[in-house]
Amino acid sequence: MKISPNFDIREFVPPEMWETFNRESVKFIDERIPHILERIRDLSGGKAITVNNWHRGGKFCYRGYRPESCTVGARKSMHRIGQAVDFDIAGFTAEQCRQLIRDNKKELMQMGLRRMETGVPWCHIDLKETGLDYIYEFKP
């Protein structure tokens, strides 16, 4: 089920959530997340973005929403409330992805992006309010 021009809800929820809630799985994801990813995709020149790919036979299933039963990540992660996502951009390193975000911080912050993780081989963004006028960068 498409929730934006280039994203299906299954890219944001794990298989057990999809099996239980199907189309209603959308309620677990903050609506700003797919919009921010659409804009990042545009800024990258239309490169494909991969979040979860389990529904296409891939290995990723917990890069968006993480239910309470999930053992991946921190217990108080923004993933637990549908306000964080891990992703890759085709042809970009994680650092190139982060630089793209830094270069467009004003626009992305207006959309709700507040933080990104550094020092990891993927790109993590979230909406946790910081009160800052820049994107807060943190290490795992």
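Quick caveat: nothing in here was measured; it's all calculated off a predicted structure. Just so you know, residue 1 is the first one in the sequence shown, and it goes up from there.
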Could you tabulate the donor-acceptor pairs under 3.5 Å formed by side-chain atoms of residues 83-90, not counting sequence neighbours?
{"from": "Gln83", "atom 1": "NE2", "to": "Asp30", "atom 2": "OD2", "distance (Å)": "3.1"}
{"from": "Asp86", "atom 1": "OD1", "to": "His79", "atom 2": "NE2", "distance (Å)": "3.4"}
{"from": "Asp86", "atom 1": "OD1", "to": "His124", "atom 2": "ND1", "distance (Å)": "2.8"}
{"from": "Asp86", "atom 1": "OD2", "to": "Arg66", "atom 2": "NH2", "distance (Å)": "3.1"}
{"from": "Asp88", "atom 1": "OD2", "to": "Arg63", "atom 2": "NH1", "distance (Å)": "3.0"}
{"from": "Asp88", "atom 1": "OD2", "to": "Arg63", "atom 2": "NH2", "distance (Å)": "2.9"}

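Side-chain contact between Ile36 and Ile125: present, with at least one pair of heavy atoms (C-beta onward) separated by less than 4.5 Å. Annotation: side chain of Cys123 is in contact with side chain of Ile101 (closest heavy-atom distance under 4.5 Å). Side-chain contact check for Phe138 versus Thr118: every heavy-atom pair is 4.5 Å or farther apart. Two residues are said to be in side-chain contact when any heavy atoms from C-beta on lie closer than 4.5 Å; Leu37 and Val51 meet this criterion. Inter-residue side-chain proximity for Trp18 and His55 is flagged as unmet; no heavy-atom pair is nearer than 4.5 Å.
At a threshold of 4.5 Å between side-chain heavy atoms, the hydrophobic network of Ile, Leu, Val, Met, Phe, Trp and Tyr places Trp122 and Met78 in two separate groups. Connection of Val26 to Ile81 is not established within any shared hydrophobic cluster, with ILVMFWY side chains joined at heavy-atom distances below 4.5 Å, either directly or through further cluster members. One hydrophobic cluster, built from ILVMFWY side chains closer than 4.5 Å, holds both Met109 and Ile40.
The residues Arg114 and Glu129 are annotated as salt-bridged, a charged nitrogen and a carboxylate oxygen being separated by less than 4.0 angstrom. Electrostatic pairing of Asp126 and Arg115 counts as a salt bridge here, judged by a charged N lying under 4.0 Å from a carboxylate O.
Counting only residues at least two apart or in different chains, side-chain hydrogen bond (donor to acceptor under 3.5 Å, both in side chains) contacts with residues 131-140 comprise Arg102-Glu137. Within the structure, the salt bridge (Lys or Arg N to Asp or Glu O under 4.0 Å) test picks out the following pairs touching residues 34-48 (sequence neighbours left out): Arg39-Asp42, Arg39-Glu107.
The two atoms that bring Met116 and Ile135 nearest to each other are N-CG2, 3.9 Å, heavy atoms only. Scanning both residues, Ile29 and Ile33, for their nearest heavy atoms gives CG2-CB, 4.2 Å. Gly112 and Leu127 get closest at one heavy-atom pair: O-CD2, 3.3 Å. Nearest approach of Pro67 to Tyr62, heavy atoms of both residues: CD-CE2, 4.2 Å. Closest heavy-atom contact between Gly73 and Arg80: O-NH2, 3.9 Å. Among all heavy-atom pairs drawn from Glu11 and Ile49, the shortest one is OE1-O, 4.1 Å.
Remark: Thr93 OG1 to Gln99 CD distance equals 10.0 Å, nearest 0.5 Å. Atom CG of Asn104 sits about 4.5 Å away from atom CG of Leu43, to the nearest 0.5 Å. Between the CD atom of Glu95 and the SG atom of Cys97 there is a distance of 9.0 Å, given to the nearest 0.5 Å. Here the CD-OG1 distance, from Glu16 to Thr20, works out to 7.5 Å after rounding to the nearest 0.5 Å.
With hydrogens and angles disregarded, no donor-acceptor distance shorter than 3.5 Å links the side chain of Glu24 to the backbone of Phe21.
For Lys2, the NZ atom counts as densely surrounded, since its 6.0 Å shell holds more than 12 non-hydrogen atoms of other residues, nucleotides or ligands. Heavy atoms of other residues, nucleotides or ligands lying less than 6.0 angstrom from NZ of Lys105 number 12 at most.
Ring centroids of Phe12 and Phe28 are separated by 6.0 Å or more, keeping the two rings apart.
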Evaluate the criterion side chain to side chain contact (heavy atoms under 4.5 Å, CB included) for residue pair Val120 and Arg98; output intermediate values, then yes/no. CA-CA 11 Å; Val120 292; Arg98 288 188 280 272; 4.1 Å; yes

